[in-house]
Asks: 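Quick one: the structure is below, questions incoming.
Counting starts at 1 for both ligands and their atoms, in listed order.
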Amino acid sequence: MFSWAACSRKGHRFTKDGGVATREIEDIFADILERAKALDPASTRKWFEELTVLHLDGGSLGIGCPDEASVQFLQDHCKGSFTRAAQQITGHLIAVDFNIRSDGQPDTHRRSLQPGLRLHPDYTFENFVVGPSNRLAHASCIAVSQSPGNTYNPLFVYGSSGLGKTHLLHAVCFEAQRRLENAIIQFLSCENFVNRFIRAIEEGNLAGFQSQFRTVDILVIDDVQFLREREHSQEEFFHTFNALYNNGKQIILSADSPPGKIPSLEERLISRFNWGLVARIDPPSYETRVAIVQKKAHLRGLDISEEIAGYVARKVQANIRELEGALTTIYAVANTTGQPIDLELVQTALEGQIKASVRHISIIDIIEVVTSYFGVRLADLQSKKRSQSIAEPRQICMYLARNLTRHSLGEIGGHLGGRDHTTVMHACGKINHAKETDPKMNALLNELTEQITQAPQR
Ligand code: ADP
Ligand code: MG
């Protein structure tokens with residue numbers, strides 16, 4: 001039975017019956033929060049200051065969050081670090097729960113989300129830095145979020161990976177939801193759309209699928225290049241598009257290239273995608289990159305000097321996701337060495353990271369590291385064997401390939417014994433869950449990633 005009696009870290013007093021004074025609970029929670037931040041600086045956000053403790057008893061810690069998006073973020077990214085932090089501070093196994101705090105205070109900034117809409121709390125217009133490279137895309141997203149169905153329809157945003165397409169799409173949803181509380185919004189990746197379509201056919205529930213997508217006010221589909229060579233999905237998407245468009249509903253799409261350049265996309269879809277506004281996002285200029293580094297640092301609760309922001313912006317030019325990766329590395333190094341973030345630390349921290357980011361990682365690199373780590377052969381991974389000793393390395397390969405390369409699910413499955421994309425998706429989900437809940441798996445994945453990214457270039 002859980003008891004606080006033995007728990008007396010850092011001078012917190014616990015009574016025999018498990019009761020803890022409110023003040024003490026707040027102090028303990030403050031310690032847990034600090035520890036959780038230290039355990040995972042990359043996921044730390046400034047708004048963690050707004051988290052409160054709802055209860056701490058009976059082996060369970062309830063954490064109060066400002067809104068639904070922050071609950072989702074914490075659940076997806078921080079459950080592991082908060083659980084470990086709670087355990088380390090109290091010396092007990094504690095189940096951590098995140099919930100919206102209902103303090104009865106009306107809050108105009110509170111973002112309520114319709115059930116099922118999953119949005120990243122960082123991806124708002126407020127957190128988006130506007131520059132010449134993304135001005136048109138940003139302005140058109142704002143226009144559409146203010147008056148869906150009435151300005152540009154469809155809105156098609158395209159640009160290379162890591163330039164902010166998904167960020168803008170989430171921002172439109174936040175803003176539309178804030179302005180039109182009752183608007184029904186469907187936001188999903190094209191991959192998800194296709195998978196749900198396939199599942200609906202398998203389950204004989206096409207009507208359910210169709211009514212789900214054809215009755216919304218705003219349909220947002222990210223990465224529509226995923227439709228290439230998927231004839232049946234294209235057909236279904238065509239009818240969904242028509243139904244929404246004819247009813248004056250808003251359609252927002254993103255892709256890595258303009259409609260006409262998406263391979264094997266049907267002509268009738270290309271023409272429809274061009275009906276509204278097609279907005280391109282280009283790689284950001286130096287000034288925009290500096291502003292983004294500062295914005296991202298601020299979001300994590302840290303202000304860095306212009307000199308350091310400038311250094312990072314000069315070093316990492318290709319894509320903004322890599323800029324963020326650079327910041328994460330800097331924080332991790334500062335955190336483990338306990339040193340202040342100055343130019344010297346930043347230079348040392350980024351040396352390895354930049355080498356890794358310019359390196360092209362192939363599935364073969366990943367397979368080599370994973371097979372040698374687990375002492376299995378490639379033929380085993382490609383075989384039908386399902387024993388844990390083979391299945392786990394195979395699933396880890398799939399997860400790492402998904403995260404470190406740009407291969408599609410199908411291509412990854414092809415390398416690992418001709419498995420289909422649903423198998424790869426399942427594997428990625430499973431390993432991701434294990435990573436979040438099992439510190440050993442997290443450490444293992446970090447180690448393998450390090451070996452893969454630091455292996456000599458072929
Ligand atoms: P894409 O969907 O185009 O591949 P994302 O929207 O996922 O790119 O963006 C990658 C990362 O870069 C995200 O963390 C996003 O917040 C950030 N980002 C991209 N553009 C900007 C910008 N203009 N301002 C702030 N952050 C940005
Ligand atoms: Mg994206």
Asks: Where does Asn134 meet ligand 1, judged by heavy-atom distances below 4.0 Å: at the side chain, the backbone, both, or neither?
Replies: side chain

Asks: Can you name the atoms of ligand 1, numbered from 1 with element, that are less than 4.0 Å from a heavy atom of Gly164?
Replies: 1 (P), 3 (O), 5 (P), 6 (O), 8 (O), 9 (O), 19 (C), 20 (N)

Asks: Nearest heavy atom to atom 7 (O) of ligand 1 wins, so pick from His167, Glu324, Arg321.
Replies: Arg321

Asks: Which atoms of ligand 1 are found less than 4.0 Å from any heavy atom of Lys165?
Replies: 1 (P), 2 (O), 3 (O), 4 (O), 6 (O), 8 (O)

Asks: Name the option, out of Asp256, Ile320, Val129, Asn127, that contains the heavy atom nearest to atom 20 (N) of ligand 1.
Replies: Ile320

Asks: Is there any N or O on Leu163 that sits under 3.5 Å from an N or O of ligand 1?
Replies: yes

Asks: Of all the atoms in ligand 1, which lie at a distance below 4.0 Å from a heavy atom belonging to Lys296?
Replies: 14 (O), 15 (C), 16 (O), 17 (C), 26 (N)

Asks: If we only consider heavy atoms of Gly159, is any one of them less than 4.0 Å away from an atom in ligand 1?
Replies: no

Asks: Measure the distance from atom 2 (O) of ligand 1 to every protein heavy atom, then report the residue, atom name and distance (to 0.1 Å) of the closest one.
Replies: Thr166 OG1, 2.7 Å

Asks: Give me the atom names and distance for the closest heavy-atom approach of Cys428 to Arg402.
Replies: SG-CB, 3.8 Å

Asks: Determine whether a donor-acceptor pair (N or O, by modelled atom type, separation under 3.5 Å) exists between the side chain of Gln88 and the backbone of Ala36.
Replies: no

Asks: Does the pair Glu324/Arg321 count as a salt bridge with the N-to-O cut at 4.0 Å?
Replies: no

Asks: Please confirm whether Arg45 makes a cation-pi placement over Phe73, using NZ or CZ under 6.0 Å from the six-membered ring centre and within 45° of the ring normal.
Replies: no

Asks: Return yes when at least one N/O/S atom of Ser189 is nearer than 2.8 Å to the Mg ion (ligand 2), and no when none is.
Replies: no

Asks: Could you walk me through whether Glu34 and Ile89 pass side-chain contact (heavy atoms from CB on, under 4.5 Å), step by step?
Replies: CA-CA 10 Å; Glu34 282 314 304; Ile89 295 294; over 6 Å; no

Asks: Strictly under 6.0 Å, is that where the ring centroids of Phe209 and Phe193 end up?
Replies: yes

Asks: What orientation do Phe125 and His138 show, parallel under 30°, tilted 30 to 60°, or perpendicular over 60°?
Replies: perpendicular

Asks: Starting from atom 4 (O) of ligand 1, locate the nearest protein heavy atom and write down its residue, its atom name and how far away it is, to 0.1 Å.
Replies: Gly162 N, 2.6 Å

Asks: In terms of relative ring orientation, are His120 and His77 parallel, tilted or perpendicular, with 30° and 60° separating the classes?
Replies: tilted

Asks: Within the structure, is a non-hydrogen atom of His138 found at a distance of less than 4.0 Å from ligand 1?
Replies: no

